[in-house]
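In what follows, a structure is listed as structure tokens, so that the remarks can point back to it.
Numbers here simply count residues along the sequence, with the first being 1. Just so you know, these numbers come straight off a predicted model, no measurement behind them.
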Amino acid sequence: MIEVDGSADHDDEHVLDGRQRRRIDNKRRLFQAFLALVNEGVVSPTAQDLAKRAEVGLRSVFRHYPEMEGLYQEMALHVQSVVRQAFSSRLDAADWRERVSDLAQRRALIYDTISAYQVAIEAHRHESRPLNLHQQTLARMEQQSIQATLGDVIGSQAHVAEALHLMLSFDTWLRLRREQGLSNADALAVVVSTCQALLGGVAALQQPR
């Protein structure tokens, strides 16, 4: 009877497992390096930038990301995950003014967190259908969150709903923070006061006469 020594097979498995772990680790490091560079304001990191920051070879960059667009698409999914998690819990304050304030504060926090990523995505959306779809998805998420939180106050006032969507959007927040140079607190005050004024008119119409 011939006994088969399986040690060689086990060694091969360990080698493969080690290589697989390194591949997974290198891809993770590349994506984290990409996020870090974008967060620092580098809108279009190069493969050389990534390799240096992640401390991997240049070939590793192209092995995992033959096209740089793949990194932007992963970043877009990351942004959606962060936003979805932030929007997942309801704001159930009885007073609609408190709900507006809470909603705006939540968005102020999340928008400052994703700001650099969104700027980079917007800069490249004309080159990529997935990135364009991401922007549309984010807008829908924002709109659905408003309806879930303030739908009972908005009622059938579609123009008010659209105005709130605009005021509570990332684009408005970016303009207030970047172009108009407002601090987080001042930008938040602008958003809250405007949204409360919009809804105040609707609430007044709903009061019994």
State the CD-CG distance between Q196 and L198, to the nearest 0.5 angstrom.
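Going from CD on Q196 over to CG on L198, the span is 10.5 Å.
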
Rounded to the nearest 0.5 Å, the CG atom of L35 sits from the NE2 atom of H78 at a distance of 5.5 Å

Does either side chain, that of [X] or that of [Y], offer a donor lying less than 3.5 Å from an acceptor on the other one?
X    : Y    : answer
T137 : R140 : yes
H124 : Q73  : no
D49  : T46  : yes
Q85  : S81  : no

Tell me every residue that passes salt bridge (charged side-chain N to carboxylate O under 4.0 Å, His left out) with R53, counting only those two or more places apart in sequence or in another chain.
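Checked R53 against salt bridge (charged side-chain N to carboxylate O under 4.0 Å, His left out); matches are E40.
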
Sorted by chain and residue number, the salt bridge (charged side-chain N to carboxylate O under 4.0 Å, His left out) partners of D25 (sequence neighbours excluded) come out as R28, R29

Taking Y65 as the fixed residue, which of F31, F34, Y72 is the one that meets the side-chain contact (heavy atoms from CB on, under 4.5 Å) rule?
F31

Taking the inter-plane angle between the rings of W173 and Y111 on a 0 to 90° scale, is it parallel (under 30°), tilted (30 to 60°) or perpendicular (over 60°)?
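Rings of W173 and Y111: tilted, 30 to 60°.
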
Quick one: does R177's side chain have a donor or acceptor within less than 3.5 Å of a partner on A187's backbone?
no

Walk me through it: do H165 and Q147 pass the test side chain to side chain donor-acceptor pair (under 3.5 Å)?
CA-CA 9 Å; H165 185 201; Q147 189 61 36; over 6 Å; no

